[in-house]
Undergrad: 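Sharing a structure, written as C-alpha cells. Questions coming.
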Amino acid sequence: QVQLVESGGGLVQAGGSLRLSCAASGRSFRSRPAGWFRQAPGKERQLIAAISWSGGNTYYADSVKGRFTASRDNVKNTAYLQMNSLKPEDTAVYYCAAGGVGGSLYEYNYWGQGTQVTVSS
C-alpha cells in the first residue's frame with residue numbers, strides 16, 4: 001500500500017511559480033512511477049506530468065510542456081512538480097498518484113487527496 005500527501009498549493013499571480021510536493025509512505029514508492037493530475041471545475045481529471053521510478057523517463061501534456069518539471073527524491077520518498085510561468089487556466093485541484101511497481105507512466109493505482117492551485121490574472 002502507498003499513501004500520498006500533497007502540499008504546496010495556493011494562490012499565485014499569473015507568471016508566478018509554485019512547487020508541489022508529494023510525500024509517500026511505503027518503501028515501494030521508489031519503485032513506482034509518479035504522476036501528476038489536475039482537475040478543473042467541470043472538467044475531467046487529466047494527467048499532466050509523470051516521472052518513472054528512476055527519474056529517467058518523463059511525460060508532459062502539451063499544455064504544461066516547457067513550464068512544468070516533474071522530479072523525485074527516492075531517498076526522501078517524495079515527488080515534486082515545479083510549476084513556472086503559471087497561467088489562470090492552470091487553476092485546478094492537483095493530485096499526485098503512484099503507479100504499479102516498475103509500471104507504465106500512464107496507469108495509476110494510488111492517489112493523494114489533492115491540493116488547490118489558483119492562478120489569478
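Because the structure is predicted, anything quoted here is derived from the model rather than measured.
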Undergrad: For Gln3, look at atom CD and say whether over 12 heavy atoms of other residues, nucleotides or ligands are found less than 6.0 Å away.
TA: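 Counting neighbours around CD of Gln3, 12 or fewer heavy atoms of other residues, nucleotides or ligands fall under 6.0 Å, so no.
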Undergrad: Applying side chain to side chain contact (heavy atoms under 4.5 Å, CB included), can you list everything that pairs with Thr69, at least two apart in sequence or on another chain?
TA: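 Only Tyr60, Gln82 meet the side chain to side chain contact (heavy atoms under 4.5 Å, CB included) criterion with Thr69.
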Undergrad: Mind checking whether Tyr108 and Phe37 have ring centres under 6.0 Å apart?
TA: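 They qualify: ring centres under 6.0 Å apart.
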Undergrad: Linking I/L/V/M/F/W/Y whenever their side-chain heavy atoms sit closer than 4.5 Å, directly or via other members, would Leu86 and Leu20 fall into one cluster?
TA: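 Yes, it is one cluster - the side chains of Leu86 and Leu20 are joined through contacts under 4.5 Å.
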Undergrad: So that I can tick it off, tell me whether Asp90 and Lys87 are bridged by a salt bridge, with the cut-off set at under 4.0 angstrom between side-chain N and carboxylate O.
TA: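 Between Asp90 and Lys87 there is no salt bridge, as every charged N stays at least 4.0 Å from the carboxylate O atoms.
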Undergrad: Atom CZ of Arg38 and atom CD of Glu44: how far apart are they, to the nearest 0.5 Å?
TA: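 Interatomic distance, Arg38 CZ to Glu44 CD, rounded to 0.5 Å: 14.0 Å.
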Undergrad: Side chains of Gln13 and Val119: closer than 4.5 Å at any heavy-atom pair?
TA: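 They are not in contact (no side-chain heavy atoms under 4.5 Å apart), so the answer is no.
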Undergrad: Of the non-hydrogen atoms in Ile51 and Ser71, which two are nearest, and what is the gap between them?
TA: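 Shortest heavy-atom contact: CD1-CA, 3.6 Å.
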Undergrad: Is Leu18 reachable from Val64 through a run of hydrophobic residues whose side-chain heavy atoms are each under 4.5 Å from the next?
TA: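 Yes: a chain of side-chain contacts under 4.5 Å links Val64 to Leu18.
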Undergrad: Could you name each residue pair satisfying disulfide (SG to SG under 2.5 Å) that touches residues 16-106, not counting sequence neighbours?
TA: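 Disulfide (SG to SG under 2.5 Å) check on residues 16-106 returns Cys22-Cys96.
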Undergrad: Could you tell me which non-hydrogen atom of Ala98 sits nearest to which non-hydrogen atom of Leu4, and how far apart they are?
TA: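 Smallest heavy-atom distance, with atoms named: N-CD1, 3.6 Å.
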Undergrad: Val12 and Ser120: side-chain contact (heavy atoms from CB on, under 4.5 Å), yes or no, with the steps?
TA: CA-CA 6 Å; Val12 64; Ser120 63; over 6 Å; no
Undergrad: Has Ser21 got a side-chain atom pairing as donor or acceptor with Ser7's backbone, closer than 3.5 angstrom?
TA: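 A pair under 3.5 Å: no.
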Undergrad: So which heavy atom on Arg72 is nearest to which on Phe29, and how close?
TA: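 Taking every non-hydrogen atom into account, NH2-O, 2.8 Å.
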Undergrad: Taking all heavy atoms of Leu105 and all of Ala50, pick out the closest pair and write down the distance.
TA: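 Looking at all heavy atoms of both residues, the shortest contact is O-CB, 3.7 Å.
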Undergrad: Would you find a donor on one side and an acceptor on the other, under 3.5 Å apart, between the side chain of Glu6 and the backbone of Gln113?
TA: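 Side chain of Glu6 to backbone of Gln113, a donor-acceptor pair under 3.5 Å: yes, one is there.
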Undergrad: Please round to the nearest 0.5 Å and tell me the distance separating atom CG of Asp73 and atom CZ of Arg30.
TA: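 Taking CG in Asp73 and CZ in Arg30, the distance rounds to 9.5 Å.
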Undergrad: Please round to the nearest 0.5 Å and tell me the distance separating atom CD1 of Ile48 and atom CZ of Arg67.
TA: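 So the CD1 of Ile48 and the CZ of Arg67 are separated by 9.0 Å.
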Undergrad: When rounded to the nearest 0.5 angstrom, what distance separates OG in Ser31 from CG in Asn74?
TA: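 It is 7.5 Å, given to the nearest 0.5 Å.
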Undergrad: Closer than 3.5 angstrom, by distance alone: can the side chain of Thr78 be matched with the main-chain N or O of Lys76 as a donor-acceptor pair?
TA: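 Such a contact is found between Thr78 side chain and Lys76 backbone.
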Undergrad: Using only atom types and a distance under 3.5 Å, with no angle test, would you say the side chain of Thr91 pairs donor to acceptor with the backbone of Thr118?
TA: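 No, because the side chain of Thr91 does not come within donor-acceptor range (under 3.5 Å) of the backbone of Thr118.
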Undergrad: Using every non-hydrogen atom in the two residues, find where Gly100 and Arg32 come nearest and quote the distance to one decimal.
TA: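 Between these two residues, the closest heavy atoms are CA-NH1, 3.7 Å.
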Undergrad: Taking Asn77 for the side chain and Ala24 for the main chain, is one N or O donor matched with an acceptor at less than 3.5 Å?
TA: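 Present.
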Undergrad: Would a distance-only check, ignoring hydrogens and angles, find a side-chain to backbone donor-acceptor pair under 3.5 Å from Arg45 to Gln39?
TA: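 Flag not set: sc Arg45 to bb Gln39 has no pair under 3.5 Å.
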Undergrad: Determine the interplanar angle of the Phe68 and Tyr94 rings, folded into 0 to 90°, and report it as parallel if under 30°, tilted if 30 to 60°, perpendicular if over 60°.
TA: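 Geometry flag for Tyr94 against Phe68: tilted rings.
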Undergrad: What's the shortest heavy-atom distance between Ser85 and Ser17, and which atoms?
TA: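 Nearest pair, atom of Ser85 first, then Ser17: N-OG, 4.3 Å.
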Undergrad: Do Trp111 and Tyr106 share a hydrophobic cluster, counting only Ile, Leu, Val, Met, Phe, Trp and Tyr and linking them when any side-chain heavy atoms are less than 4.5 Å apart?
TA: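 Yes.
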Undergrad: Spell out, yes or no, whether Tyr59 and Trp53 are grouped together once hydrophobic residues are joined by side-chain heavy atoms under 4.5 Å, including indirect joins.
TA: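 No, Tyr59 and Trp53 fall in different hydrophobic clusters.
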Undergrad: So does Gly16 get a backbone contact from the side chain of Asn84, meaning a donor-acceptor N/O pair under 3.5 Å?
TA: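 No, the answer is negative, given that no donor and acceptor are paired below the 3.5 Å cut-off.
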